[in-house]
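Single-structure report; data block below.
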Amino acid sequence: MPDRKATPDFIPAVGQALRAERERLGLSQEALADAAGLDRTYLSGVERGSRSPNLRSLIKLSDAMRLKLSRLMLAAEAISGDGR
């Protein structure tokens with residue numbers, strides 16, 4: 001298994017992938033945060049890359065978007081260029 005580290009570029013890439021998927025679904029930050037049971041300001045921070053989401057939050061967000069978490073992570077890898 002390759003050694004994967006949370007590089008500085010990967011955390012913002014997760015936020016960018018999350019925002020792209022949210023916008024694709026036509027959801028506002030408020031609507032997604034509410035559906036996931038999270039605070040909108042937390043979601044905003046994640047999308048901007050200033051907050052590092054934990055696994056539980058990522059699961060809540062992906063579930064709220066009816067999206068496999070693996071798809072979100074693959075999108076983040078593609079954005080960050082870490083798609084080994």
Legend entry - Listed partners of Ser50 passing side-chain contact (heavy atoms from CB on, under 4.5 Å), at least two apart: Arg48

Inset, instruction - With rounding to the nearest 0.5 Å, note down the distance linking CD in Gln16 to CG in Asp9. - result: 9.5 Å

Inset, instruction - Can you measure from CZ (Arg19) to CD1 (Ile79) and round to the nearest 0.5 angstrom? - result: 10.5 Å

Legend entry - Over 12 foreign heavy atoms within 6.0 Å of CD, Glu30: no

Inset, instruction - Heavy atoms only: give me the nearest Arg22-Leu32 pair and the separation to one decimal. - result: CD-CD2, 3.8 Å

Legend entry - For Gly49 against Ile11, the heavy-atom pair lying closest together: O-CG2, 4.3 Å

Could you go through residues 36-43 and list every donor-acceptor pair under 3.5 Å that involves a side-chain atom there, pairing it with any protein atom two or more places apart or in another chain?
{"residue": "Asp39", "atom": "OD2", "partner": "Thr41", "partner atom": "N", "Å": "2.9"}
{"residue": "Asp39", "atom": "OD2", "partner": "Thr41", "partner atom": "OG1", "Å": "2.2"}
{"residue": "Arg40", "atom": "NH1", "partner": "Gln29", "partner atom": "OE1", "Å": "3.1"}
{"residue": "Tyr42", "atom": "OH", "partner": "Ser57", "partner atom": "OG", "Å": "3.3"}

Enumerate donor-acceptor pairs with a distance under 3.5 Å from any side-chain N or O in residues 62-75 to protein atoms, sequence neighbours excluded.
{"residue": "Ser62", "atom": "OG", "partner": "Leu58", "partner atom": "O", "Å": "3.1"}
{"residue": "Ser62", "atom": "OG", "partner": "Ile59", "partner atom": "O", "Å": "3.1"}

